[in-house]
Amino acid sequence: MKISPEKVQGIASLARLEITPEQAPILAAQMGDILGYMDTLNELDTSNVEPMYTPVAHVSVLRPDETSKEFPREDILRNAPENNGEYFVVPRIV
Amino acid sequence: MSQLCQLSLTEIRDLLRDKKISARETTQACLDRIAQTEPAIAALLHIAGENALHQAQSMDQSGPDATKPLWGVPIIIKDALITKGLPTTCGSKILENFIPVYDAHCVTALKEAGAIILGKANMDEFAMGSSTENSAFKVTANPWNPAHVPGGSSGGSAASVASGQCFASIGTDTGGSIRQPASFCGVVGVKPTYGRVSRRGLVAYGSSLDQAGPMTRTVRDAAEVLQVMAGHDAKDSTSINAPVPDYVAACARPEDLKGLRLGMPEEYWGEGLSTEVSAACRAAVDTAVSLGAQIVPVSLPHTKYAIATYYILAMAEASSNLARFDGVRYGRRSAHVQDLATLYTRSRSEGFGDEVKRRIMLGTYVLSAGYYDAYYKKAAQVRRLIRQDFLDALTNCDLICGPACPTTAFAIGANTADPLQMYLTDIFTISLNLSGLPGLSLPVGLGADTGLPVGLQLFGGSMEEARLLRTAATLEAHLPKLPAPPLA
């Protein structure tokens, strides 16, 4: 599996990551090796195998549709990089 | 190691219960031990000494509570589990100043059982690693030889227990991250059945694989801690709603292993296994036979596909789970950013380490349009074949056994330049996470060449932790006890 440095930059952009021009060829080689190793799965015929995404049945957890204040607002905002005492603050969008 | 810190969790708990020692004395002994060992092993990211002493003192004032099975026992929690009021970084700069507002479900259970939280253990960033060299903060050393890794990603938890800093620690296991460091550090590590312990409050890496479990110096201690952690949590949709058996009773009276059919998979006992690990594990199996166990040859034919399957699924899940770290609500935010898209990108790029970025990108790639069927769906199909291997093998035997790792602890730096080589070290642990079944690593001796610990792994059927613990406790009682590590 050959991954180009340009492809690495494209994937990084999708993942919201910045990769420097120096890092791109190194990552391209590593990702190529790893994906090449993963291609060994193609030795197996799985055409009749149902995919297994989890070892347990996920049962929807239902609770009464009631609002509750589990945590004080100030406790939640305390971990925010920037807030105005009431809301999270981010750079202007429009 | 001070005499007190050499005791097992069960022994110290009984002394505390009988008022032969105070919670404060016990906590102080552990803190002294931490002060003595941390410069050499660097197992901890946060030490909650003052809080712990304060809690111990107030517990001493009210007196022992027989209804609390861990009353006054100091324990350490892997930094992947959130702890109210105590920093939780998951080994990452992106969460450097994060202080959770609630406790993980299993941490609440441990506190309610009377445990005292002494601190948070170092780990590979977001549990991505097999050596605890990927922590953003420090590299933990193996208490048996500081030039070697303690394993990962729960290397801090394993090293803290092995060196006597605490009486139990909690680790998390996504692809072997409890069992592999337990093996490398000579402690007991249990990966419960997926869903047996609530995952609420465990910072998600591979959601369909992650499971928290105990790391201790004896099997009975692991049973005591698992007893407290296990159980249904209505707020976790992956939590299994079933009664919790009496794990402590299961291993309280080790007898013989008559009637036990022990499966030995050919794939785990052949090529790639170091001579010293093979010898130590085979000696333990011989002990099992001398105690009445019957050896059954079994096969897990898809073992060689497990690593590729695991990394596709884990990286895909990681790329999705780690999207929440965007610099908006918590965690690191890049300075002087003018627009939102750049804020996301810069914050993530500055906050995540190289291994995390590599896995997020691989996960993004295997989930991207055009590659989803070739990688993610394919891996999910092979996952079913791997689980079926175990189910088929377990129709012919009661438990499966094999080495936890192909070698003893490798040297610090040995695999850091080659991520694929590092991934291959997980060959014997990964299949169990894919299958969702429980497993345990038991110290069975020291390697003849390196003098480092060797762990034998036992696998069982779904929810069969009691049988695993009983068997391990019986073996433990008949195997030579490991000495204390040189740094202990």
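A note on names: the letters A, B, ... follow the listed sequences, proteins ahead of strands, and every chain is numbered from 1.
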Is there a side-chain contact between A:Leu17 and B:Phe352 (heavy atoms, below 4.5 Å)?
-> yes

In terms of heavy-atom proximity below 4.5 Å to chain B, should A:Val8 be classed as side chain, backbone, both, or neither?
-> both

Using non-hydrogen atoms only, which part of A:Phe71 is less than 4.5 Å away from chain B: side chain, backbone, both, or neither?
-> side chain

Would you sort out whether B:His302 and A:Leu44 count as a side-chain contact (heavy atoms from CB on, under 4.5 Å), showing the intermediate values?
-> CA-CA 9 Å; B:His302 295 96; A:Leu44 290 169; 3.9 Å; yes

Could you tell me whether the side chain of B:Asp326 reaches within less than 4.5 Å of the side chain of A:Arg16, counting heavy atoms only?
-> no

Give, as side chain, backbone, both or neither, the part of A:Ile11 having an atom under 4.5 angstrom from any heavy atom of chain B.
-> both

Can you find a heavy atom in the side chain of A:Leu41 that is under 4.5 Å from one in the side chain of B:Tyr375?
-> no

Under the 3.5 angstrom rule, does the side chain of B:Arg348 hit a backbone N or O of A:Ala15 as a donor-acceptor pair?
-> yes

A:Glu50/B:Lys377 salt bridge by N-O under 4.0 Å criterion = no

With distance as the sole test, does B:Asp339 use its side chain to make a donor-acceptor pair with the main-chain N or O of A:Pro91 at under 3.5 Å?
-> no

Side-chain contact test, heavy atoms from C-beta onward, threshold under 4.5 Å: evaluate it for A:Tyr53 versus B:Glu317 and give yes or no.
-> no

Hey, does A:Pro81 have a side-chain heavy atom less than 4.5 Å from the side chain of B:Arg329?
-> no

Atom group of A:Leu77 that falls short of 4.5 Å from chain B, counting heavy atoms | neither

With the side chain counted from C-beta on, respond yes when B:Ile307 and A:Met38 share a heavy-atom pair under 4.5 Å apart, and no when they do not.
-> no

Does any heavy atom of chain B fall under 4.5 Å from the side chain of A:Asn83, the backbone, both, or neither of them?
-> neither

Would you call B:Met361 and A:Gln30 a side-chain contact if the rule is heavy atoms closer than 4.5 Å?
-> no

If you measure only the distance, is there a donor-acceptor pair under 3.5 Å linking the side chains of A:Glu70 and B:Tyr102?
-> no

Any A:Met52 side-chain heavy atom under 4.5 Å of B:Arg387 side chain | yes

